[in-house]
Amino acid sequence: MAFALSARPAAGLAAAARPKRAAVRAAAINRDAPMYRAGGASDAPANATAPVSTPFDDYRFAPIREATVSRAMTSRYFKDLDSYAEADVIIAGAGSAGLACAYELSKLAPDARIAIIEQNVSPGGGAWLGGQLFSAMVIRKPGQAILDELAVPYEDEGDYVVVRHAALMTATLLSKVLQAPNVKLFNATAVEDLIVRDDAVSGRRIGGVVTNWTLVTLHHDTQSCMDPNVLEAKVVVSTCGHDGPMGAHSVKRLAKLGMVDEIPGMAALDMNAAEDRIVANTREVVPGMVLAGMELSEIDGSPRMGPTFGAMFVSGQKAAHVALGVLRRRQAQEAAARATTQAGAKQALSA
Ligand SMILES: Cc1cc2nc3c(=O)[nH]c(=O)nc-3n(C[C@H](O)[C@H](O)[C@H](O)COP(=O)(O)OP(=O)(O)OC[C@H]3O[C@@H](n4cnc5c(N)ncnc54)[C@H](O)[C@@H]3O)c2cc1C
């Protein structure tokens with residue numbers, strides 16, 4: 001079988017401006033040629049030192065200016081920052097729970113603007129591996145429903161399923177989240193604090209997050225005057241994972257602010273109890289903040305979950321439904337407040 005491999009010119013270049021060499025097409029690959037056949041080397045020419053020829057030998061990229069590369073990135077990033085300065089939902093933490101939440105919410109509410117803030121350069125949290133440093137990901141039934149939906153293959157072992165490599169599930173989920181038009185991932189960015197508002201309807205509620213480049217967050221003790229950025233949101237979903245250098249960030253902050261009681265911390269491991277409790281307890285913990293994933297175990301004193309991931313995905317999906325309810329409630333409150341203000345203004349004008 002033969003197929004062609006083409007060097008595509010950059011989409012942004014006007015067709016007329018494209019130089020001819022950008023249109024170079026690599027030669028069609030002839031899969032029947034001796035070099036592609038098992039044992040084909042014996043059919044090769046006698047000259048053993050001749051370089052192997054490939055369809056990529058005359059490959060040339062379309063030209064680009066360095067400034068164009070810079071503007072292509074920064075213009076989009078700052079447009080996103082501008083747009084998400086007032087997000088509908090902010091998800092803090094892009095681990096298994098956060099990504100599942102973003103995926104579910106992007107489907108449930110295509111009108112909602114969803115920002116994910118992830119302190120690490122690489123999103124995915126602890127879901128790139130199974131337990132310890134092993135590869136396989138174990139999911140107890142019926143948690144495999146999300147694998148079916150995403151067409152992630154697994155081995156069915158009866159009460160549980162096994163994905164050959166945890167990274168296969170995480171990469172697939174991540175690719176769906178990143179393709180959703182209403183989701184923006186800001187990685188290498190840490191949630192440093194929360195915006196807390198006092199309002200007449202909800203009382204003390206979470207109104208957004210305070211962020212900084214993670215590298216800055218990590219160096220506040222060695223530098224001075226590095227103020228953070230702020231993103232407002234109608235709902236914040238926190239999925240920062242269990243306690244650690246960065247984990248359980250929101251829960252710890254809520255406790256310091258006196259918005260929740262003292263946090264008991266994660267209890268000893270019990271997979272059977274842990275997974276059901278995480279899903280059952282996924283909820284709005286204070287007005288404007290929904291908690292999901294292992295961060296919940298810190299506030300509820302639930303057992304460690306260990307390397308079984310169904311509860312993380314299902315908790316994230318449940319959090320999406322809770323967050324949507326909170327979002328719609330907030331939108332209705334804002335609409336009512338706007339109507340009252342407009343009515344007041346009309347009355348003042350007519351007086
Ligand atoms: C080394 C290791 C240890 C583990 N230990 C346990 C354990 O003790 N108990 C247990 O039940 N399971 C443990 N697991 C299993 C499993 O990985 C986790 O339970 C599971 O990943 C939790 O999913 P999550 O989505 O809640 O949080 P995580 O997968 O931890 O994801 C949280 C995400 O939030 C990000 N984040 C955290 N703070 C911030 C912040 N302030 N701003 C922005 N982003 C932030 C993190 O970078 C991360 O990507 C461990 C896994 C690994 C690899």
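As the structure lists them, so they are numbered: ligands from 1, and atoms in each ligand from 1. Predicted, not measured: the structure shown is a model, and the values here were computed from it.
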Test side-chain hydrogen bond (donor to acceptor under 3.5 Å, both in side chains) applied to Glu298 and His242, step by step: CA-CA 6 Å; Glu298 302 288 346; His242 55 72; 4.9 Å; no
Under 3.5 Å donor-acceptor pairs involving side-chain atoms of residues 147-154, not counting sequence neighbours:
| unit_1 | atom_1 | unit_2 | atom_2 | d |
| --- | --- | --- | --- | --- |
| Asp148 | OD1 | Tyr154 | OH | 2.7 |
| Glu149 | OE2 | Tyr103 | OH | 2.6 |
| Glu149 | OE2 | Lys107 | NZ | 2.5 |

Please tabulate, for side-chain N and O atoms in residues 304-311, each donor-acceptor pair with protein atoms closer than 3.5 Å (sequence neighbours left out).
| unit_1 | atom_1 | unit_2 | atom_2 | d |
| --- | --- | --- | --- | --- |
| Thr308 | OG1 | Glu275 | OE1 | 2.9 |

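Each of Asp82, Asp88, Asp80 was evaluated against Lys184; a single residue qualifies, Asp80, per the salt bridge (charged side-chain N to carboxylate O under 4.0 Å, His left out) test.
Protein residues are said to neighbour a ligand when one of their heavy atoms lies under 4.0 Å from it; for ligand 1 these are Gly93, Ala94, Gly95, Ser96, Ala97, Ile117, Glu118, Gln119, Gly125, Gly126, Thr189, Ala190, Val191, Thr239, Cys240, Gly241, His242, Met246, His249, Met266, Gly293, Met294, Arg304, Met305, Gly306, Phe309, Met312.
Residue pairs meeting the side-chain hydrogen bond (donor to acceptor under 3.5 Å, both in side chains) criterion with at least one partner in residues 208-217, sequence neighbours excluded, are Glu192-Thr217.
Aromatic ring orientation, Tyr59 versus Phe56: tilted (interplanar angle from 30° to 60°).
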